[in-house]
Number of protein chains: 2
Amino acid sequence: MLYLRFMARIKTDKNISRKDVIVTKAAILFREKGFKAASMRDLAEAVGVEAASLYNHIKSKTELLHELCFSVANRFLHKIDEIEAEPISAIEKVEKLLRFHINEMINHYEEVYVSDREWKHLADPYLSNFQNQRRIYRKRFAAIIEKGISNHEIKKIDAPTAVLIMLHAISGIESWHRSTQKISAEELEANMITILVGGLINK
Amino acid sequence: MLYLRFMARIKTDKNISRKDVIVTKAAILFREKGFKAASMRDLAEAVGVEAASLYNHIKSKTELLHELCFSVANRFLHKIDEIEAEPISAIEKVEKLLRFHINEMINHYEEVYVSDREWKHLADPYLSNFQNQRRIYRKRFAAIIEKGISNHEIKKIDAPTAVLIMLHAISGIESWHRSTQKISAEELEANMITILVGGLINK
DNA sequence: TAAAGCAACTAACACGTGTTAGCAAGTAGT
DNA sequence: ACTACTTGCTAACACGTGTTAGTTGCTTTA
């Protein structure tokens, strides 16, 4: 039998597996449409392949979500490990952590956004696992702020509330990404630090 | 023919139409699961009725989303109309607006949350309409802040960035709602105002 | 009590979904 | 050139979706 049809292939450089290509495209799609609304056929089209072909590289749609959520979560956990160990003031730790969050949100927009908004669609045991990590992370962040309060570096406020404000404020970078007339990334970072750290400092 | 089956009815008090009951339950469901993931059969169960019966009261699933999104948007637009007209300082205007946002998020959690997160699933022309209203609202908010900057009431910052931080920070009240050991609503409001307004004020 | 209208029901349709089976076509090693 | 492996394809399934048609039951009005 003679076939002359053209068979697409997912392009890859060295060190980038075809699976990575798929995961990356998935992040873009999940951000645009939301996890539920993005179909495997949409994803296949973005990758340049038929839907069924994706399953040579991944196990399921939710696996894509796991990968995205946990890779992001791990980056933040490693960073807070690092920062906690540094011999600097509480307010400096907060600032460092904020700058990391801001830069992650600027440079790895799609993944971070998806991890933040779409984790609800994870299935157990991944779901509980993710929620746990999240809870723990926030507690550690709050502990840094508490320390700053008892040092009188930081205003007397409810630390968990402060954490919640910081984290959500940063997720607002989403709007910056979409806006037509953006200020530069550096200016954005500087402005956010000014307002957020300025709101914490005790005079 | 003799039928003895029980036919459920949606309970209503005076002034609350059956449609209102449906819309309210829809808000809860859309928040929990997301618009796409929440099915009409889920909604029917929450209301205590079969899925098809809902269509005696509503036109479509998306109509529910329209109603939610625009009722919330209108409340905010009316409020900013009101505040703009008041003869008070810029920083007082910002504080009033923030307090309104915070209270809306506390007291009408489900609707506000859905309007904030799920508007992407609106269909044109509602979609463009909503986006426009949102854009305009933010510009008006930013204009108040700009005024405060030129008055030297507020730090020299990028006003649109400040707006973005404020609005997203407030959406963090979502986490407060879900947390097990909540501080009181009054404390929450006070803390948020302290941090956010504190971050704006010029010394 | 009869008539009219509202609000529920059952049944079903058309469609889009994630995923699998089985096979063809490329690629790499000998 | 032969073989083994990877990666693509087509076809199809089972299921869940929003929604409509047609009918029965309940409530209100005359």
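Here is the naming used below: chain letters follow the sequence lines, and residue numbers restart at 1 for every chain.
Among residues two or more places apart in sequence or in another chain, the side-chain hydrogen bond (donor to acceptor under 3.5 Å, both in side chains) test is passed with Glu95(B) by Arg99(B). Remark: Asp42(B) pairs with Lys33(B) by the salt bridge (Lys or Arg N to Asp or Glu O under 4.0 Å) rule, at least two apart or across chains. With sequence neighbours excluded, no residue forms a side-chain hydrogen bond (donor to acceptor under 3.5 Å, both in side chains) with Asn107(B). Ser175(B) pairs by the side-chain hydrogen bond (donor to acceptor under 3.5 Å, both in side chains) definition with Arg138(A), not counting sequence neighbours.
Screening residues 163-175 of chain A for salt bridge (charged side-chain N to carboxylate O under 4.0 Å, His left out) gives Glu174(A)-Arg178(A) as the qualifying pairs, with residues at least two apart or on separate chains.
Distances from the side chain of Glu50(A) to the nucleotides dT10(D), dA8(C), dC9(C) place dT10(D) closest.
As rounded to whole Å, 15 Å separates atom P of dC5(D) from atom CG of Asn56(A).
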What is the per-nucleotide protein-contact pattern of nucleotides 16-21 of chain C, from the 5' end, where B denotes a base atom under 4.0 Å from a protein heavy atom, S denotes such proximity for sugar-phosphate atoms only, and - denotes neither?
-BBBB-
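Look at Ser53(B) and you won't find any side-chain N or O under 4.0 angstrom from OP1 or OP2 of dA7(C). Dashed line: the shortest gap from a side-chain N or O of His57(A) to OP1 or OP2 of dG8(D) is under 4.0 Å.
Judged by a 6.0 Å distance limit and a 45° cone about the ring axis, Lys36(B) is not positioned over the six-membered ring of Phe35(A).
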